[in-house]
Amino acid sequence: MTVTPLKMLVVGAGDRGRTYASFAKTYPDQLRIVGVAEPNPANRDFFAKEHALPTEAQWPDWREALAARPAADAVAICTPDALHLDPALAFLDAGYHLLLEKPMARSWNECRRLDEKVRQTRRLVLVGHVLRYTNYFSKLKQLIAGGEIGDVVSIQHLEPVAYMHAAHSFCRGNWGNTKRSTPMILQKCCHDFDQFVWWLGKRCLRVSSFGGLRHFRPENRPAGAADRCLDCPAAVERDCPFSARKIYLERDTYRYPFVDRTDDGMAAMLRDSPYGRCVYACDNDAVDHQIVNLLFEGGVTVSHLMESYTYTGGRQTKVFGTRGEIIGDGRKLQIHHFSNRTTSVWDSVLEAGPSGSGHGGGDFGIVRELIRQLREGSPADHLAAFEMSLESHKIAFAAEASRLALGEVQIL
Ligand SMILES: NC(=O)c1ccc[n+]([C@@H]2O[C@H](COP(=O)([O-])OP(=O)(O)OC[C@H]3O[C@@H](n4cnc5c(N)ncnc54)[C@H](O)[C@@H]3O)[C@@H](O)[C@H]2O)c1
């Protein structure tokens with residue numbers, strides 16, 4: 001049987017838009033990109049070339065793309081955080097299904113508006129919780145839900161942001177200023193909250209949270225440091241762990257969001273863009289550490305720490321059950337059984353499974369799920385997928401409210 005590829009319009013051809021669209025390059029029989037809405041000419045041209053899009057399938061803004069009513073089944077909304085709700089509501093009204101980047105919206109009220117629209121239009125809205133589609137977290141979910149360690153009593157979870165990633169994204173970059181984007185606990189940890197809800201299959205009832213911005217502040221700026229790293233005296237710059245020279249010129253890990261990743265391109269970017277700024281001279285207000293305690297139905301407790309000052313990333317989890325314990329380092333899961341005192345180890349790298357994309361295979365995994373849901377899923381399945389994503393956002397907003405109020409928040 002021949003199956004025609006799903007047709008997708010991409011709104012926002014930055015890092016995420018390019019990543020999801022690259023599925024179509026690897027699996028052209030399953031996905032076809034039929035248009036792009038993107039105001040930045042360099043990003044738009046790059047994307048249009050990648051996907052051989054004619055000029056009439058390129059627009060500088062999502063509104064113009066919408067007005068043209070492209071023949072697409074789904075729209076991937078990959079715009080900055082502040083620009084999710086309006087295009088999402090409008091494309092739903094026009095009858096499109098959505099792959100909507102997280103966070104779905106910037107406040108709980110906005111999430112509820114979206115929920116109403118999803119129910120009214122009965123479209124699929126798959127929110128970008130890519131971790132659900134990785135081998136590693138799927139296995140962890142399967143072990144917990146399958147009762148491998150008995151009843152879960154509590155979970156200890158660490159989201160190590162990594163000091164370079166914190167400087168890149170949450171100080172200099174898109175998410176440093178929460179008034180322009182969203183609180184870091186929503187932005188970074190709606191993934192983690194989504195995982196807890198998914199693993200446990202339970203609702204969260206109460207939340208308390210503490211945290212703040214400890215280090216990336218003007219008063220911590222070393223004497224003599226310049227406003228931009230390229231202008232910083234060598235003796236000061238050499239000693240700075242967050243130097244943009246070190247992060248972007250001496251290594252290429254954080255070149256991925258930029259279209260021109262050459263040394264010359266990076267040097268120009270450091271001269272002119274926000275990414276060349278001293279971390280102590282930015283307009284950032286995002287926290288750099290936040291701890292959240294959660295109480296789930298059935299009395300299950302979860303303690304979650306988001307921490308910027310770690311050497312590497314990779315979520316770490318300990319799940320404590322009545323019959324055993326699971327310890328996960330982001331790659332391997334160690335399963336300790338109490339009854340016979342045995343330990344087994346499951347290694348995601350040794351397991352065959354969908355991979356070949358970022359976020360442990362989750363970036364392509366979610367596109368596969370979009371295609372699967374649109375081919376096989378019922379409207380009830382579509383709604384269930386969206387409703388589960390709502391829970392993670394509800395927890396994140398409650399955590400931020402608790403942090404700001406220095407008090408516990410009950411989730412209604
Ligand atoms: N699911 C995940 O794991 C994950 C990871 C990183 C980022 N994100 C989220 O994805 C979204 C995009 O992040 P990114 O890293 O790709 O950012 P980005 O800055 O690389 O890309 C955003 C793009 O949207 C474009 N844009 C701005 N206004 C627009 C408009 N009116 N119409 C169309 N396009 C417009 C920008 O020019 C830019 O190219 C953010 O909300 C972010 O929080 C999700």
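Everything numeric here is computed off the predicted structure, so don't read it as measured data. By convention here, the first residue in the shown sequence is residue 1. Every number for a ligand or one of its atoms is a count from 1 in the order of the listing.
- For the residues Pro80, Gly17, Gly362, the heavy atom positioned nearest atom 27 (C) of ligand 1 is part of Pro80.
- Relative to atom 25 (C) of ligand 1, the option among Glu101, Arg16, Glu38 with the closest non-hydrogen atom is Glu38.
- When non-hydrogen atoms are compared, ligand 1 lies under 4.0 Å from the side chain of His191 (C-beta onward) but not from its backbone.
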Tell me, with the steps shown, if Ser181 and Asn174 meet side-chain hydrogen bond (donor to acceptor under 3.5 Å, both in side chains). CA-CA 7 Å; Ser181 56; Asn174 283 352; over 6 Å; no
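- Taking His382 as the reference, nothing meets the ring pair (Phe, Tyr, Trp, His ring centres under 6.0 Å) condition, with sequence neighbours excluded.
- Both tests hold for Arg16 against Tyr20: distance to the six-membered ring centre under 6.0 Å, angle to the ring axis within 45°.
- When Asp81, Val36, Leu83, Asp86 are ranked by how near their heavy atoms come to atom 40 (C) of ligand 1, first place goes to Asp81.
- Residue-to-ligand polar distances keep Asn40 apart from ligand 1: every N/O pair is separated by 3.5 Å or more.
- By the criterion of a heavy-atom distance under 4.0 Å, the backbone of Cys78, and not its side chain, is placed next to ligand 1.
- Not one N or O of Arg63 is nearer than 3.5 Å to an N or O of ligand 1, by distance alone.
- Of all the listed residues (Asp363, Asn174, Leu100, Val130), Asn174 holds the heavy atom that lies closest to atom 17 (O) of ligand 1.
- Of all the listed residues (Tyr256, Trp59, Trp175, Phe258), Trp175 holds the heavy atom that lies closest to atom 15 (O) of ligand 1.
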Under 3.5 Å, which donor-acceptor pairs do the side chains of residues 298-309 form with other protein atoms, sequence neighbours left out?
| from | atom 1 | to | atom 2 | distance (Å) |
| --- | --- | --- | --- | --- |
| Glu307 | OE2 | Tyr309 | N | 3.0 |
| Ser308 | OG | Asp288 | O | 2.8 |
| Tyr309 | OH | Asp288 | OD2 | 2.5 |

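- For atom 30 (C) of ligand 1, the choice among Leu99, Asp61, Leu186 with the nearest heavy atom turns out to be Asp61.
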